[in-house]
There are 2 protein chains.
Amino acid sequence: MTDGSLVITNIGELSTNVPGEGPLTDCAVAITDGAVRWVGKSDALPKQFEATPVADVEGRAVVPGFVDAHTHTVFSGDRATEFGMRMRGASYEELLAAGGGILSTVEATRRASMVDLIGESMPRINRMLAAGTTTAEVKTGYGLDVATEVGMADTIGALDMALPIDLVSTFLGAHVVPPEFRDRRDEYVTLVAGDMLDAISDKVSFVDVFCDDAAFTVDETRTICEAAREKGLGIRLHADQLSRSGGTSLAAELRAASVDHCDHATDEDIGAVVEAGVTVVLLPGVSFSMREGYPDGRRFLDAGATVALATDCNPGTSYVETMPFIISLAVVNCGFTPAEALWSATRGGALSLGLEDRGIVEPGALGDLVVLDAPSYTHLPYRPDGGLVAATVKRGSLL
Amino acid sequence: MTDGSLVITNIGELSTNVPGEGPLTDCAVAITDGAVRWVGKSDALPKQFEATPVADVEGRAVVPGFVDAHTHTVFSGDRATEFGMRMRGASYEELLAAGGGILSTVEATRRASMVDLIGESMPRINRMLAAGTTTAEVKTGYGLDVATEVGMADTIGALDMALPIDLVSTFLGAHVVPPEFRDRRDEYVTLVAGDMLDAISDKVSFVDVFCDDAAFTVDETRTICEAAREKGLGIRLHADQLSRSGGTSLAAELRAASVDHCDHATDEDIGAVVEAGVTVVLLPGVSFSMREGYPDGRRFLDAGATVALATDCNPGTSYVETMPFIISLAVVNCGFTPAEALWSATRGGALSLGLEDRGIVEPGALGDLVVLDAPSYTHLPYRPDGGLVAATVKRGSLL
């Protein structure tokens, strides 16, 4: 997509995320060649932007484009049947016996061609865009063999090229031990940290490991992350989701870019990630769909952590594609104020991805904005079923 | 809108709500002049429909149009600030001091012209339509004086004419005692049951009373409902929402069309409404936005009640416009199965409104259908942030 130029004027309320600056009123934003150049009062537009195309948003609120920092949105098939069984109280064993669980998505994704995978994932990413997500992280992790993991990374790359969204890809070969390695998990860790990483490292920006009792130990996680760091990848971790296994403190030790879930992190764990500057990514969509307790956002916010919010879009535990719903869950169920939730869904996500140029509206930042069909960003949590995104602006182009 | 004719073919899964019939597969529906004429296999379309326009839905799931049986979707202004304050723990008194509460919506609605009111409400109703709602009940109740109550009824009528949705209007003059009658509530009840009812009864189908400790007593409710019944109106009640005040059992006594909320109804109350054939309307959007306990759907379903689900769309306690989100809440939080939730969001709502001709897909029923961007209706609860409605079909016209 060519970078666009656009003046957005008559903004009723603009959330900039500039530190110390509350929402601005009656203002305009000038974007040229994909980047914000000027922010000011609607009637004070500098002469140099007079020839730039204008979008008059008639008093609507504008917020930074959403940055969804944790998704598994590339996958094949769905698990609606498993969801229905779980809602009726089926046990984990019953779900597995009925063909459910993460391995069913691995099987479907291994069977899918790259064309199938693109065809299934593209509508999801288009719905994300329509709901204001302008940057999203997407993980591999449904291949768990070299060819399919590389195919997933290529699929993410192809979708990034094809659609007006920025996708950041993360290698999650260590999502779960695949069945063919069940009795030789050491060999699987060696494969992930060796041949699989070698084959995929040029195609991804981050590595991620599901560090939990049901998946990979702290030591296995450290092995994989250290190998990935040598390849120049940043580190993200699924940590302490199902139990306190030590992943959060490992993230601090490794100075990871993000540590995600953290439901069972201790106060010491949280102190360590704050000290180490690791962004905490909270995923309340999982709590909704799994009927589990919500993460207590205040624990992390009050401890001074940098907190991001994300959908965790995946077919098993959170088939949620849109950030406004996550903002609503964060405010209603996780103790965020509306302002904190908006920040975490934009700037917080950007910082967790190391993308300083977005999630903020100031000269030099990317021209990624969302026009709301509402007078204030406070409508995002207030109206939980969405439908409030009037337009998404990506790098200055009105989508 | 002219009644339409349309053959919908290649339906992967069709939920008909015909008693005893599970979802059909690989089928087609033929609609002429706004009504369903035939349902059968895609390759068995009778000759008489060969000239009818065809929509090939390529294996998608189709469900009956949603019937939202309890809304306050005509109002002026919003209460986002109040919502934000409540999320930060503000007390009811603090909200009132800050200008919040239902009376702030009454003030705004009294000030609004009918043009304003139509302008503010139309986008909401268009979002309902886009999300598959083909019939909605809408209440007055933000006027609380004769002129504004009549103006609200006229507004509902104008929106019903202007948009391709069927709106059913309900007179809710007894929503709350307005401030000017605070010290003479008897006079207000007399006004509602007398002059106000006289002025509005030709414009509405139902009467509703908020029968609760904070609003109207059982005796006041009975007085108003009996007067309305003499005018030929059906009865709906807001009952036992905040406390067990006896509204549910009164609904049974009055053989109301519906009794709504019922959070504090006793087992005896529920037995009485089942016996009397009163539909119970549950409103889980309120629980979400107010952080209150969810209604226990199983109590009502297992007792044999006819249960409808609705949004309660209103600016104070549930700014929710779309039924797929309500279906998701009902399954995740209220104990409904996906099939029960779909039935309650379609046929259940229709029965509560006395509309036997919808919420079902069979010859003679209205041609009101929703095409999902999903292979099964089970995706409605599974994917809680919506975006699954590919198209709404109203009286045979593809919207």
Side-chain angles (χ1 to χ4, degrees), chain A residues 61 77-89 123-124 126-128 130-131 285 287-291 311 313 315-316 318-326 328-339 341 373-388 390, chain B residues 61 77-89 123-124 126-128 130-131 285 287-291 311 313 315-316 318-326 328-339 341 373-388 390:
Chain A
D78 68 67
R79 282 150 61 192
T81 304
E82 174 185 335
F83 173 83
M85 288 178 68
R86 191 168 60 240
M87 290 297 114
R88 288 192 295 278
R124 285 192 282 270
N126 277 324
R127 284 190 291 266
M128 293 166 69
S287 309
F288 182 90
S289 291
M290 298 296 284
R291 287 183 182 144
T311 60
C313 179
S318 178
Y319 202 154
V320 169
E321 296 162 333
T322 66
M323 293 298 284
F325 181 57
I326 295 299
S328 199
L329 290 178
V331 170
V332 172
N333 294 302
C334 307
F336 287 67
T337 66
D373 234 339
S376 170
Y377 76 93
T378 59
H379 282 236
L380 289 166
Y382 173 47
R383 298 161 69 174
D385 61 344
L388 297 190
Chain B
D78 69 66
R79 283 151 60 193
T81 305
E82 174 185 335
F83 174 82
M85 289 179 65
R86 191 168 60 240
M87 290 298 115
R88 288 192 296 277
R124 285 191 281 271
N126 277 324
R127 283 190 292 266
M128 293 165 69
S287 310
F288 182 89
S289 292
M290 299 296 283
R291 288 185 181 144
T311 60
C313 179
S318 177
Y319 203 154
V320 169
E321 296 162 333
T322 65
M323 293 297 285
F325 181 56
I326 296 299
S328 199
L329 290 178
V331 170
V332 172
N333 294 302
C334 307
F336 286 68
T337 66
D373 233 339
S376 170
Y377 77 93
T378 60
H379 282 236
L380 289 167
Y382 172 46
R383 298 161 68 175
D385 61 343
L388 298 189

query: Excluding sequence neighbours, so at least two apart, what forms ring-ring contact (aromatic ring centres under 6.0 Å, His included) with A:Phe336?
result: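 In terms of ring-ring contact (aromatic ring centres under 6.0 Å, His included), with neighbours along the sequence ignored, A:Phe336 is linked to no residue.
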- request: With sequence neighbours excluded, tell me which residues meet ring-ring contact (aromatic ring centres under 6.0 Å, His included) with A:Phe83.
  value: B:Tyr382
- request: Count the heavy-atom pairs under 4.5 Å between each of A:Glu321, A:Met290, A:Arg291 and chain B, then report the option with the highest count.
  value: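 Greatest number of close heavy-atom pairs with chain B: A:Arg291.
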- prompt: Which of the residues A:Pro315, A:Gly386, A:Ser376 is involved in the greatest number of heavy-atom pairs with chain B at under 4.5 angstrom?
  reply: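 Result: the option with the highest number of such pairs is A:Pro315.
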field: Most chain A-contacting option - heavy-atom pairs closer than 4.5 Å, from B:Gly387, B:Pro384, B:Gly84
entry: B:Pro384
Go through the atoms of [X] and report whether side chain, backbone, both or neither lie under 4.5 Å from a heavy atom of chain A.
{"X": "B:Arg88", "answer": "side chain"}
{"X": "B:Tyr319", "answer": "both"}
{"X": "B:Pro324", "answer": "neither"}
{"X": "B:Pro338", "answer": "side chain"}

- prompt: Which heavy atom in A:Arg86 sits nearest to a heavy atom in A:Ser289, and how many Å separate them?
  reply: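 Looking at all heavy atoms of both residues, the closest pair is NH2-O, 3.8 Å.
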query: Quick one: does A:Thr311's side chain have a donor or acceptor within less than 3.5 Å of a partner on A:Ser318's backbone?
result: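 Looks like no, no N/O pair under 3.5 Å.
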- prompt: Do B:Asp385 side-chain atoms and A:Phe325 backbone N/O form a donor-acceptor pair below 3.5 Å?
  reply: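 It does not hold such a pair.
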- request: Can you tell which part of A:Arg127 gets under 4.5 Å to a heavy atom of chain B, answering side chain, backbone, both or neither?
  value: side chain
field: A:Pro375 versus chain B, the contacting section by heavy-atom distance below 4.5 Å
entry: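 It is the side chain, since no backbone atom gets that close.
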task: Could you tell me whether the side chain of A:Met87 reaches within less than 4.5 Å of the side chain of B:Thr337, counting heavy atoms only?
output: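 With C-beta onward as the side chain, the pair stays apart.
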task: Measure the spacing between CZ of B:Arg383 and SG of A:Cys313 and express it to the nearest 0.5 Å.
output: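 If I round to the nearest 0.5 Å, the distance is 8.5 Å.
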